[in-house]
**Student:** 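Shown below is the structure under consideration.
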Amino acid sequence: MLKKSNNLLYCAALLSSACNSSLPAPQPLPDAASPAAQLMVKRCGGCHGVPHPTLHPANEWANVVFRMQKHITQKGRPALAPDEKLAVLEYLQKHAQP
């Protein structure tokens, strides 16, 4: 139990230092009111921060979405439906880094 307590304290310290760092504020999502952006916030934001589309070039997003689909199902959550996956992928590619 002591090890778990120490791990929690360590994580809390890391989060605290990250919150107090001078990192730039995250960029808002482009076209944030779009259904695809809202879907990303809902589905991707459930496990981690919502990735900004400029994080990867357009040609990398298909692999990233595929990999995240595997993580979602491994966590026992329902995978994106084919139309949801397509909407998210098209959104990410449209707004990807040049």
Side-chain angles (χ1 to χ4, degrees):
M1 186 68 172
L2 182 59
K3 184 174 182 165
K4 185 175 181 179
S5 177
N6 286 343
N7 286 341
L8 290 173
L9 289 173
Y10 177 72
C11 289
L14 281 177
L15 286 172
S16 176
S17 66
C19 291
N20 293 326
S21 72
S22 60
L23 294 174
Q27 292 179 306
L29 290 175
D31 198 13
S34 71
Q38 292 300 305
L39 179 62
M40 280 185 46
V41 169
K42 179 180 175 187
R43 296 297 306 274
C44 304
C47 294
H48 55 72
V50 179
H52 197 274
T54 59
L55 187 61
H56 296 284
N59 66 343
E60 290 182 7
W61 277 116
N63 288 331
V64 173
V65 171
F66 175 78
R67 192 173 67 243
M68 292 300 107
Q69 283 280 83
K70 287 174 56 175
H71 289 300
I72 289 169
T73 57
Q74 288 172 346
K75 291 183 179 272
R77 295 180 177 187
L80 293 170
D83 62 323
E84 292 176 319
K85 182 178 171 184
L86 182 61
V88 166
L89 183 56
E90 287 177 347
Y91 170 83
L92 289 167
Q93 290 175 332
K94 177 181 177 183
H95 299 289
Q97 47 175 276

**Student:** To the nearest 0.5 Å, tell me how far Q69 CD sits from R43 CZ.
**Tutor:** 7.5 Å
**Student:** For the residue pair A36 and A87, what are the closest heavy atoms and their distance?
**Tutor:** CB-O, 3.6 Å
**Student:** Within the structure provided, determine whether M40 and L92 are in side-chain contact (heavy-atom separation under 4.5 Å).
**Tutor:** yes
**Student:** Establish whether L86 and M68 are linked, either directly or via other cluster members, by ILVMFWY side-chain heavy-atom contacts under 4.5 Å.
**Tutor:** no
**Student:** Check for me, please, whether F66 and I72 land in the same ILVMFWY cluster - side-chain distances under 4.5 Å, paths through other members count.
**Tutor:** no
**Student:** Nearest heavy-atom pair of A37 and D31: which atoms, and what distance?
**Tutor:** CB-O, 3.5 Å
**Student:** Atom CG of L39 and atom CG of L80: how far apart are they, to the nearest 0.5 Å?
**Tutor:** 6.0 Å
**Student:** Are K75 and C47 close enough that some pair of their side-chain heavy atoms sits under 4.5 Å apart?
**Tutor:** yes
**Student:** Say you draw a straight line from CD of E60 to CD of Q97; how long is it, rounded to the nearest 0.5 Å?
**Tutor:** 7.0 Å
**Student:** Evaluate the side-chain proximity of K42 to Q38: yes if any heavy-atom separation is below 4.5 Å, no if none is.
**Tutor:** no
**Student:** Contact between H95 and T54 at the side-chain level, heavy atoms closer than 4.5 Å - yes or no?
**Tutor:** no
**Student:** Is the backbone N or O of A81 less than 3.5 Å from a side-chain atom of E84, with the two atoms forming a donor-acceptor pair by type?
**Tutor:** yes
**Student:** Taking all non-hydrogen atoms of both residues, which atom of P28 and which atom of H52 are closest, and how far apart?
**Tutor:** O-NE2, 3.2 Å
**Student:** Check H56 against A96 and note the closest heavy-atom contact, atom names and distance.
**Tutor:** O-CB, 3.4 Å
**Student:** Is L29 close to Y91 at the side-chain level, that is, under 4.5 Å between some pair of heavy atoms?
**Tutor:** yes
**Student:** Ignoring hydrogens and geometry, is there a side-chain-to-backbone donor-acceptor pair from Q93 to W61 under 3.5 Å?
**Tutor:** no
